[in-house]
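Order of the sequence lines fixes the chain letters, A, B, ..., with proteins taken first and strands second; residue numbering starts at 1 for each chain.
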There are 2 protein chains.
Amino acid sequence: MATIRDVARLAGVSVATVSRVINKTDFVNPETAAQVLKAIEQLQYEPNAVARGLAGKKMGIIALILPDILNPFFPALARGVEDEAQKKGLTVILGNSDDLGLKESTYIKDLKKKYVDGFIFASNTIREEDVESLRKEGIPIVLLDRGLNTASCPVIRSNNRAGAKLAVQHLIERGCQKIAHIYGPQEFITARERLLGYEEVVGELEGYSPSLMVSGKFDIESGRQGVEHLLTRHPQIDGIFAGNDLMAIGALKALRERGILVPEQVKVCGFDGISLTEITEPELTTVAQPIYEMGGLAARILLNEIEGGGRENTIIELDVALIPRKSTR
Amino acid sequence: MATIRDVARLAGVSVATVSRVINKTDFVNPETAAQVLKAIEQLQYEPNAVARGLAGKKMGIIALILPDILNPFFPALARGVEDEAQKKGLTVILGNSDDLGLKESTYIKDLKKKYVDGFIFASNTIREEDVESLRKEGIPIVLLDRGLNTASCPVIRSNNRAGAKLAVQHLIERGCQKIAHIYGPQEFITARERLLGYEEVVGELEGYSPSLMVSGKFDIESGRQGVEHLLTRHPQIDGIFAGNDLMAIGALKALRERGILVPEQVKVCGFDGISLTEITEPELTTVAQPIYEMGGLAARILLNEIEGGGRENTIIELDVALIPRKSTR
DNA sequence: CTGAAAGCGCTTACAG
DNA sequence: CTGAAAGCGCTTACAG
């Protein structure tokens, strides 16, 4: 592969000049520039990204750290990030953290050594100190679904509370009187907000009781278990709002196993809008987050900061939308 | 951050010596080594991966190029690759090719500039020339699900033909007489092999007709359409072997819409073993590939070659397993 | 067993 | 407008 020296030699200029025309970092006499361009063309020269990275401390790579790509929420997010990154010629490193703070710290340490341009964390366990240390070194970072305690970097998330209210109101409109909630892990702000939205609407209903809320782990199995607990406590429930789609799917399974008809006897609504909701039977009503767009937006904000566009430590809440389907008909 | 010079200075040795103890690349007097280690400890020194990459032409990154992470087949593959890569301290860059040869070529060009250590292609469209050019430059590469025309690098895939035979035999055992097949794009070797396996078994059946085969695109929608075509031609079919799980899911949908009972009237079997098959109603019988393991194996073979372990241009065919579920009960 | 020096291929003040 | 030179932080023959 040709190097910048080869180009310089062929064009009869210095490597500094070649560098300038490549990076448009300084004015160059149009004629010499033309010479250089010709030489580049002729040699099929492509700048070496690693040498450039070493000199500039940026490799043209962004890191996306998420809990687990096997969780059906994340592929769309990853795709959103990747598509946006590619438009700008950057590549993305993918890391699964399994929501383990240790794995995240390890990634941060490893990837700093690789001069990654920036980080996107779609992970609930990122440590405050890790965020701070990156900030201090001037490495841009964007967070998804994080608390507002730290306003030291941009945060992107959906309007979870409003979404939860949409879900519960929808169930009420469809005639539900006794609406239960299977909530996710309360260390996740998303889960907390959704629970709050649920309480806000349902608290005013007659016959409401806190025992209509059961905990789950945001996975299918815990959704199933949640239903079992609920049914022993409240056999008369006629609506279930699950804190995410996976738990809603588990709920659907449990109900079917017990011969309870959805939506005739119990209506079910999920949250997230992952594509799985289209293949259940009945198809699942859900509050859809713009997952792909969230990934894209996170990438755009990050890239903007990487390119020196300045940082805005805003919290951006995206709108969600209720998608009514058969499970609440 | 401390550099190797800082360490050398503190330890009172040359940078060459420090490099040697870090990389265990040469014998170093145990006492000086201890000095160096102490200095490293004291300065919290971590070698800069980019500088190392520039010198050694390897960044400690492997590239995984797949068609689309949104396709539920690929997250498990990606996870298998990542877990294995991480064990060795490498990170993985993820690229979506959308099965477009152009995107793949672009990735290859970009990532070569970044001194990626090796490539894993889980993509059917990789060009022969691209493979060759990588080989020529000594960049290791492993292919998934590729033809055997090119024996210039290791190929990993499942035993697709045997799997198809398992599926069809299972349908026969369950009493099916008229078994249709929705096959995937024939430019994919996986789709071809599965079709061949189907023909092999079903060709001996009475009343078999080639019109029992209809084409699909490996997605849900085409599975649904496949069923519609089949039913107009052969209203009496009682078994369907879909070329992959997504098409099987589409088939399930189409059958339900027409009020045809599965498994009572028609039994359905898919292929791949993606997790979606557990949430359909009825749950889907499928031929499971060891997807996660395939990713892990691909990574291990690649890493072995990266570490100089030599290359074996073998084609490895992994066993598949039939998972009987309600859709064929 | 260890060091001095060149090299990996760029970028970027500093001069002119 | 352009060049010489230092620097980014390592590795690796080559001597000794």
Side-chain angles (χ1 to χ4, degrees), chain A residues 1-37 39-40 43-61 89 110 112-117 137-138 308, chain B residues 1-37 39-40 43-61 89 110 112-117 137-139 307-308:
Chain A
M1 289 229 262
T3 73
I4 198 171
R5 306 187 69 90
D6 301 323
V7 175
R9 201 172 309 143
L10 182 60
V13 299
S14 73
V15 297
T17 300
V18 176
S19 177
R20 285 181 192 115
V21 349
I22 292 171
N23 299 304
K24 303 182 175 58
T25 178
D26 239 330
F27 203 96
V28 175
N29 179 312
E31 290 181 15
T32 37
Q35 295 294 319
V36 172
L37 259 7
I40 287 175
L43 295 172
Q44 298 259 51
Y45 169 68
E46 305 256 11
N48 179 310
V50 181
R52 185 179 263 178
L54 182 60
K57 298 196 189 303
K58 285 200 297 192
M59 276 295 295
I61 298 175
D110 277 16
K112 279 202 297 197
K113 292 193 263 181
K114 288 185 179 158
Y115 284 163
V116 159
D117 300 37
E137 303 187 42
Chain B
M1 290 229 260
T3 73
I4 197 172
R5 307 185 69 90
D6 301 322
V7 175
R9 201 172 309 142
L10 182 60
V13 299
S14 73
V15 297
T17 299
V18 177
S19 177
R20 285 183 192 112
V21 350
I22 291 171
N23 301 303
K24 303 182 173 57
T25 178
D26 238 329
F27 202 97
V28 175
N29 179 312
E31 291 181 14
T32 37
Q35 295 294 319
V36 171
L37 258 7
I40 287 176
L43 295 172
Q44 298 260 50
Y45 169 70
E46 305 256 12
N48 178 310
V50 181
R52 186 178 261 179
L54 181 59
K57 296 195 189 306
K58 284 200 297 192
M59 275 296 293
I61 297 174
D110 278 16
K112 279 202 297 198
K113 292 193 264 179
K114 289 184 178 158
Y115 284 161
V116 158
D117 300 36
E137 304 188 41
I139 301 174
E307 290 167 356

- Message: Below the 4.0 Å mark, does D/dG3 have OP1 or OP2 next to a side-chain nitrogen or oxygen of A/Thr17?
- Response: yes
- Query: What pairs with B/Lys112 under salt bridge (charged side-chain N to carboxylate O under 4.0 Å, His left out), at least two apart in sequence or on another chain?
  - Reply: B/Glu137
- With sequence neighbours excluded, residues passing salt bridge (charged side-chain N to carboxylate O under 4.0 Å, His left out) with B/Lys113: A/Glu46
Closest approach of [X] and [Y], non-hydrogen atoms and distance?
X       : Y       : result
A/Met59 : A/Ala49 : SD-O, 3.8 Å
B/Val15 : B/Arg5  : CG1-CA, 3.9 Å
A/Ala11 : A/Ala39 : CB-CB, 3.9 Å

- Query: What does nucleotides 8-16 of chain D look like as a protein-contact string, B for base, S for sugar-phosphate only, - for none, at under 4.0 angstrom between heavy atoms?
  - Reply: BBBSBB---
- Query: Can you give the dot-bracket line for DNA chain C, where a pair is Watson-Crick or G-U wobble with both atom distances under 3.5 Å, crossing pairs use [ ], and | marks a partner on another strand?
  - Reply: |||.||||||||.|||
- Taking only residues two or more places apart in sequence or in another chain, which ones pass side chain to side chain contact (heavy atoms under 4.5 Å, CB included) with B/Ile40? B/Val7, B/Ile22, B/Val36, B/Leu37, B/Tyr45
- Task: Could you tell me the separation between the CG atom of A/Asp26 and the C1' atom of D/dG3, rounded to a whole number of Å?
- Result: 13 Å
- Message: Can you measure A/Gln35 atom CD to D/dC1 atom P for me and round it to whole angstrom units?
- Response: 16 Å
- Task: Scan A/Val13, A/Val28, A/Asn23 and name whichever one has a side-chain contact (heavy atoms from CB on, under 4.5 Å) with A/Val18.
- Result: A/Val13
- Sequence neighbours left out, what pairs pass salt bridge (charged side-chain N to carboxylate O under 4.0 Å, His left out) with at least one residue falling in residues 9-21 of chain B? B/Asp6-B/Arg9, B/Arg20-B/Asp26
